[in-house]
Amino acid sequence: MKNSALVVVDMLYDFIDGSLACLNSKNAVKEAAGFIDSMTSGQEGNSNEEILDTFPILFVCDHHPADHSSFREYGGTWPPHCIQGTHGGAVHEILQPYMQEELTFFKGCDPAVEQYSGFEAANKAGQSLGEILGLLDAENVYVCGIATEYCVRATCEDLKKAGFKVRLLSNALGYVDEAGHRKALEEMKTEGMIIE
C-alpha cells in the first residue's frame, strides 16, 4: 500500500444523526472502519503510529463558528451544523482511534467563507491537506465520507486537479439524496475518478 492514503471527509455526528443527517451515513461509517481494518490488518502488535506510517488516514472536518455564513439565520443554505466544540462537530467514535492531530484538517472556520472542498483545509499547524499528501508521497488517494454531492465531490475534484489518483469508496459514502448521489458518482467517473 505504498504511496496510498485515505481521506475521510466530514464523518461528523451532525451529518450522521444530527441537524443535517444524511442517508446511508451510519452504514458509511461502518464501511469506512472496515476498509481501514482491511488496509491495516496483519499489522497487529504495531503501534497506531506505525500503521499510519504505512497507510496514512487523513480526516477533513467541517469546523464552523456559531455565526457561519452558510447557516440559514445568517443568509446561508443550511441549518446550523458542525459548530466548533459541539458533539455535532465531532468525528464518529468508531473512527476516532485513527485520528492524529497533524492528519486532521479543518474547513469552514472563517465565518464569511463557505468551503466544501477539504483540499485547502488546514491542520492545527496551518498545513493544508494537499500539502501533507504531497509530503507523504501519496499517489493513490482513497476517499470516503459525507456527503457525496457536496464536500466529498468538491474534495475529490480538487485532489484530481492536483494530480492524485482518486479512488472513491462508493459503499462508504453518505448522501443528501439518492438520485443526487448516483448522478455525482456517474459524473465523477467521467471526470476520471475510480469508483470502487
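Just the heavy atoms: all of them, side chains too, but no hydrogens, waters or symmetry mates, feed the values below. All of these numbers come straight from a predicted model, not from anything done at the bench. Numbering of residues begins at 1 and proceeds along the displayed sequence.
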Do the side chain of [X] and the main chain of [Y] share a donor and acceptor less than 3.5 angstrom apart?
X: S170; Y: E196; value: yes
X: S19; Y: P80; value: yes
X: D14; Y: C82; value: yes
X: E149; Y: D177; value: yes
X: D10; Y: D62; value: yes
X: T148; Y: G174; value: yes
X: H68; Y: D110; value: yes
X: D158; Y: G118; value: no
X: R72; Y: W78; value: no

What are the two closest non-hydrogen atoms of [X] and [Y], and how far apart are they?
X: C151; Y: K107; result: SG-NZ, 3.3 Å
X: A172; Y: M11; result: O-CE, 3.5 Å
X: A138; Y: A5; result: CB-CB, 4.1 Å

**Prompt:** If you draw a 6.0 Å radius around CD in Q96, do more than 12 non-hydrogen atoms from other residues or ligands fall strictly inside?
**Reply:**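 Yes.
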**Message:** Evaluate K161 against E157 for salt bridge (Lys or Arg N to Asp or Glu O under 4.0 Å), listing each step before the verdict.
**Reply:** CA-CA 6 Å; K161 274 183 216 148; E157 287 176 342; 5.6 Å; no
Once you round to the nearest 0.5 Å, how far does [atom1] of [X] lie from [atom2] of [Y]?
X: D37; Y: Y98; atom1: CG; atom2: OH; answer: 4.0 Å
X: C156; Y: E191; atom1: SG; atom2: CD; answer: 9.5 Å
X: L169; Y: I194; atom1: CG; atom2: CD1; answer: 11.0 Å
X: L6; Y: C144; atom1: CG; atom2: SG; answer: 4.5 Å
X: H92; Y: I16; atom1: NE2; atom2: CD1; answer: 5.0 Å

**Message:** Is the ring pair F15/H81 parallel, tilted or perpendicular, if the boundaries are 30 and 60 degrees?
**Reply:**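 Tilted.
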**Geometric class of the Y142/F35 ring pair [parallel <30°, tilted 30-60°, perpendicular >60°]** =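 Because their plane-to-plane angle lies in the 30° to 60° range, the rings of F35 and Y142 count as tilted.
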**Request:** Begin with the C-alpha distance, continue with both residues' side-chain angles, and end with the deciding distance and a verdict on side-chain contact (heavy atoms from CB on, under 4.5 Å) for I132 and F105.
**Result:** CA-CA 10 Å; I132 293 293; F105 303 83; 3.7 Å; yes
Quick check: is [Y] connected to [X] through a chain of hydrophobic side chains (ILVMFWY, heavy atoms under 4.5 Å apart)?
X: L133; Y: L168; answer: yes
X: Y13; Y: L20; answer: no
X: Y175; Y: M188; answer: no
X: L185; Y: V7; answer: yes
X: V91; Y: I146; answer: yes

**Prompt:** Got a salt bridge between E186 and R182, using NZ or NE/NH1/NH2 to carboxylate O under 4.0 Å?
**Reply:**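 No, E186 and R182 are not salt-bridged.
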